[in-house]
Structure formats: C-alpha cells, structure tokens
Asks: 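Submitted below is the structure of interest, expressed as structure tokens.
Lettering of chains follows the sequences in order, A, B, ..., and the numbering in each one begins at 1. We use all heavy atoms of the structure for the numbers below, so side chains are in, but hydrogens, waters and symmetry mates are not.
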2 protein chains.
Amino acid sequence: MARPVNPQRSAARREAIVLAAAELFGVNGFEQTTTAQIAKAAGISPGGVFYYFEDKRAVFRAIFQRDLPMSKALVAAALDRDDPFDAVLHVVDQLAEDVMNPLAAGLLVELVRQAGRDPELTRVVHENTTIITDGLAVLLRRCQAADLIDSSLEPGEAAQWIQSIIDGAYLNADPDRDPRPMLRRIVRGFLLSGNDGDTHV
Amino acid sequence: MARPVNPQRSAARREAIVLAAAELFGVNGFEQTTTAQIAKAAGISPGGVFYYFEDKRAVFRAIFQRDLPMSKALVAAALDRDDPFDAVLHVVDQLAEDVMNPLAAGLLVELVRQAGRDPELTRVVHENTTIITDGLAVLLRRCQAADLIDSSLEPGEAAQWIQSIIDGAYLNADPDRDPRPMLRRIVRGFLLSGNDGDTHV
DNA sequence: GTCTATACAACGATAGAC
DNA sequence: GTCTATCGTTGTATAGAC
C-alpha cells in the first residue's frame with residue numbers, strides 16, 4: 001500500500017467510509033448496499049471507495065477489524081477482576097451491550113453470512129472469537145478452581161456456548177427490552193447447574 | 001392464480017423449484033443465488049421460475065411456508081405428553097434437530113436477514129414463531145403449576161428465550177458435534193434456577 | 001397453460017483526468 | 001496522490017412463442 005501524501009486526511013476518509021458502510025450494511029445488508037451509496041454517505045464520488053479499499057468486501061472487513069482492540073481490552077479488564085464469577089457475568093454484559101442497537105444486530109447477521117464466504121473475513125472473525133473464548137475459558141477455570149461453578153464443564157466448550165447464547169440474543173433482539181438481566185440469569189443457570197439436572201432449584 | 005391444466009405435474013415442478021432453491025439459498029445466500037441457477041437445478045429453463053412464482057422472494061417464502069404444518073404437529077405432540085418438563089426438553093430437541101445440517105443453519109441466517117425486508121415473509125415467520133412460543137408457554141405454565149420449574153419466570157418470555165438459545169446454536173453450528181445434550185442442559189438450568197443471586201454485576 | 005429469448009436496469013470496478 | 005466518468009457484466013422479469 002502506497003503511503004498517501006496527507007495521511008491524516010486519508011485516514012479520516014477511510015474512517016468516514018467505514019462508518020457509513022457499517023450503517024448501510026447493517027440496515028440493508030451487504031449485497032443490497034451499493035458502493036455508490038457508501039461513497040455518497042461518506043461524501044465522496046461514486047467510484048472513490050476503490051481508492052481507499054481494494055474492493056467492497058475489504059470495506060466490510062474493515063468494520064470488524066476495528067473492534068478487535070476492544071475485545072482485547074474487554075478480556076484484559078475481566079482478567080484483572082478479583083471474583084472470576086463476577087468477571088464472567090461482566091463479560092456477558094459487555095458482549096451484550098449492543099443487543100438493543102438494531103444496527104449491531106443487523107451487522108452480526110451479515111457477518112455470519114459473509115464469514116462463510118470470504119476467507120479473509122473468516123480469519124478476522126476467528127481471531128476475535130478466539131480472544132473472547134480464551135479469556136472466558138481462563139475465567140471459567142478460575143471459577144472451577146474456587147469451586148464456584150460446576151466442575152464437569154469443559155471451560156473452552158462452555159465459553160463457546162456462552163457466546164452462542166449471546167448471539168441468540170442478538171438475533172432475537174427487541175430494541176425496547178434490555179436482554180442483559182435474562183442473559184445473566186441464563187448463563188448463571190448454565191454454569192451452576194450440575195450435569196445430572198434436578199439437584200438445583 | 002389460474003389453475004394449471006395438469007395440477008400434479010405443476011405441483012411437482014413447484015416442489016422441485018422450492019427444493020432446489022432451498023439448497024442454493026442456504027449455501028450461497030439469497031442475493032447470491034440467481035433465478036437462473038434455481039431454474040437449472042430444478043430442470044427448467046432460465047425464466048421458468050416466474051411462471052410458478054411471482055418473483056424471487058416468493059420462492060424464498062415458499063421454503064418456510066412448507067414447515068408450518070410441521071411446527072403445528074410438533075407442538076400438538078408435545079402438548080399430549082404427560083410430563084410437561086420432559087415435553088419442553090423434547091421440543092428443544094426437535095427444534096435443534098437440524099443444527100448439524102449446514103443447509104439449515106445457512107437458511108436460518110438468511111431467513112433472519114430477509115424477514116426484516118419482506119413483510120410477507122415477516123408474517124410467515126411470525127406465524128411459525130408464535131405457534132412454537134405459545135406451545136412452549138402452555139407447557140411452561142403446566143410446569144409451574146406442578147412446581148417443576150421456577151415460578152417467577154414469565155412463561156411467554158421464557159419461551160422466547162428458549163428459542164433464542166436454540167437460534168444461537170444454529171449460528172454457531174459445528175456439523176460434527178451434536179448440540180442437543182448441551183442445549184438441554186442450558187434450558188434446564190435456565191428453567192430451574194431461581195431469580196435471586198442477582199447481586200452480581 | 002407452459003416455457004424461452006430477450007429487454008432493460010444496476011452494479012462493481014477501472015482507466016485515466018486532475 | 002486523489003478522484004470521477006464510464007464500461008462490461010450480470011440479473012430480474014416480461015412479452016410473446018409454442
């Protein structure tokens with residue numbers, strides 16, 4: 001990639017494109033969003049997107065590359081907490097933070113769809129998921145060591161399921177209802193309940 | 001709609017189109033699938049789809065209209081069971097039956113995406129969801145009456161969350177791993193765990 | 001009634017202007 | 001280095017053939 005003469009302005013334009021694209025992709029979907037729409041929303045001319053990005057899919061990927069640092073910070077902060085069980089629920093809360101934002105829900109669906117098709121994107125998604133899964137798994141192991149949750153759960157697997165539960169919440173999002181209390185409850189029930197079932201009430 | 005001269009053949013063709021389309025939509029997505037591809041897979045000529053369906057979206061809707069009777073049967077059978085708690089877990093099992101089928105997972109994602117865009121389709125989805133939700137809610141009320149699950153759960157809401165959890169499983173499907181044992185476990189934990197202990201943040 | 005050849009529109013991407 | 005006018009391709013849907 002050749003370095004632009006005016007890096008600041010260039011970076012700002014890129015950012016504008018990514019933000020405009022995120023909104024359009026989230027609302028209308030990837031295929032239904034045209035590069036011309038993105039360009040217009042970003043205040044540049046129809047073909048201008050292709051100066052800043054290799055192609056349309058690269059714009060889409062850029063959206064999700066943006067929140068990779070956020071995932072890392074989220075996990076790092078959680079690992080610093082004293083109570084690992086609290087930390088897990090805190091991560092759940094944070095991951096579900098955007099459920100009520102319809103844009104985020106739309107983007108998640110779009111992400112799942114496109115991830116199966118674009119290997120580059122798959123890599124980005126996988127990296128992000130791994131950060132969260134690994135972080136959660138560490139926390140779950142700590143919980144088990146402190147005898148706070150069911151010891152028969154395989155931490156890595158349980159971590160994936162927690163993410164899966166949150167994904168479900170994104171899919172069935174209702175903008176008017178905060179899903180986090182119920183999500184905490186479900187995750188708590190999941191982690192506490194033994195595998196044999198009816199011991200807990 | 002004019003009735004075809006040869007209803008049987010006509011119905012068979014329609015069915016062939018729907019089946020071919022389901023596969024293509026599930027694998028490649030709605031927009032990435034062309035009507036020509038569908039026609040070819042169904043063994044008719046490029047424009048032929050439009051004789052049997054009003055437009056491309058009508059083909060997509062037809063896929064999901066097909067399994068409306070199945071939902072009804074599923075719920076009816078569950079309501080006939082003696083133990084309502086077993087019945088709930090049985091419904092969960094049935095709903096998750098296709099998680100390991102990649103086609104079904106692809107179609108679910110596609111469905112969520114398109115449902116927000118096509119009002120007709122929204123209606124179909126809503127009808128299907130309502131059947132399940134209402135059925136589950138009845139079962140949950142029975143469970144509460146028999147003191148089998150936490151009485152503080154609002155049945156309708158809990159039913160929606162159960163479906164949400166299953167949707168999450170579809171999203172994160174792994175073709176090599178049967179998700180049902182873990183799903184049962186999560187749902188059981190959810191229904192049994194009390195609402196207290198919510199002191200966590 | 002059934003199906004096909006084709007019109008028309010729209011999109012992503014580029015060649016080259018500034 | 002930055003951006004715009006434009007092109008080739010492709011896809012839906014239809015007008016009309018059989």
Asks: Measure the spacing between CE of B:Met100 and CG of B:Asp178 and express it to the nearest 0.5 Å.
Replies: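 Reported value, rounded in 0.5 Å steps: 4.0 Å.
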Asks: Mind checking the CZ-CG spacing from A:Arg81 to A:Leu79? Nearest 0.5 Å is all I need.
Replies: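 If we round to the nearest 0.5 Å, A:Arg81:CZ and A:Leu79:CG are 11.5 Å apart.
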Asks: DNA chain C: A:Gly47 or B:Gly47, which has the more 5' nearest nucleotide?
Replies: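 Here B:Gly47 is the residue nearer the 5' end.
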Asks: If only atom types and distance count, is the side chain of A:Arg66 paired as donor or acceptor with the main-chain N or O of A:Leu19 below 3.5 Å?
Replies: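 Not confirmed, A:Arg66 side chain does not pair with A:Leu19 backbone.
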Asks: Rounded to the nearest 0.5 Å, how far does CG of A:Leu74 lie from CG of A:Leu95?
Replies: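 It comes to 5.5 Å.
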Asks: With a 4.0 Å cutoff (strictly under), does any side-chain N or O of A:Tyr51 reach OP1 or OP2 of D:dT2?
Replies: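 Checking D:dT2 against A:Tyr51, a side-chain N or O does come within under 4.0 Å of OP1 or OP2.
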Asks: Just how far, in rounded Å, is C1' of D:dA13 from CD1 of B:Ile44?
Replies: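 In whole Å, D:dA13 C1' and B:Ile44 CD1 are 14 Å from each other.
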Asks: A:Gln32 CD to C:dG12 C1': how many Å, rounded?
Replies: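 So the two atoms are 15 Å apart, to the nearest Å.
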Asks: Compare the minimum distances between each of D:dC3, D:dT12, C:dC3 and the side chain of B:Lys56, then state the nucleotide with the smallest one.
Replies: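 The nucleotide sitting nearest to the side chain is D:dT12.
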Asks: Between B:Leu136 and B:Val91, is there a side-chain heavy-atom distance shorter than 4.5 Å?
Replies: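 In contact.
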Asks: D:dT12 C1' sits how many Å from A:Glu31 CD, rounded?
Replies: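 Going from A:Glu31 (CD) to D:dT12 (C1'), I get 16 Å.
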Asks: Among the candidates D:dA13, C:dG12, D:dT2, find the nucleotide nearest to the side-chain atoms of A:Arg13.
Replies: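 Selected nucleotide (nearest to the side chain): D:dT2.
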Asks: Angle between ring planes, B:Phe25 versus B:Phe30, binned at 30° and 60°: parallel, tilted or perpendicular?
Replies: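 It falls in the tilted class, 30° to 60°.
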Asks: Can you check the A:Arg57 CZ to C:dC11 P distance for me, whole Å?
Replies: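 That distance rounds to 18 Å.
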Asks: Rounded to the nearest Å, what distance is computed from the CG atom of residue A:Leu24 to the P atom of nucleotide C:dG12?
Replies: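 After rounding, the gap between these two atoms is 12 Å.
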Asks: Using whole Å, report how far CD of B:Gln37 lies from C1' of D:dT12.
Replies: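 It is 13 Å, rounded to the nearest whole Å.
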Asks: Round to the nearest Å and state the distance from A:Phe53 atom CZ to D:dT2 atom C1'.
Replies: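 My rounded result for the distance is 15 Å.
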Asks: Strictly below 4.0 Å: does B:Tyr52 bring a side-chain N or O up to OP1 or OP2 of C:dC3?
Replies: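 For B:Tyr52, the contact criterion (side-chain N or O under 4.0 Å from OP1 or OP2 of C:dC3) is met.
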Asks: Using Watson-Crick and G-U wobble pairs whose two distances are both under 3.5 Å, how do you write the pairing of DNA chain D as dot-bracket, with | for links to another strand?
Replies: ||||||||||||||||||
Asks: Is any side-chain heavy atom of A:Gln163 closer than 4.5 Å to one of A:Thr133?
Replies: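 Yes, close enough: below the 4.5 Å cut-off.
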Asks: Just how far, in rounded Å, is P of D:dG8 from CZ of A:Phe50?
Replies: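 Those two atoms, CZ and P, are 17 Å apart.
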Asks: If you compare every side-chain N and O of B:Thr34 against the phosphate oxygens of D:dG11 (OP1, OP2), does one of them come in below 4.0 Å?
Replies: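 Answer no for this pair, as no side-chain N or O of B:Thr34 is under 4.0 Å from OP1 or OP2.
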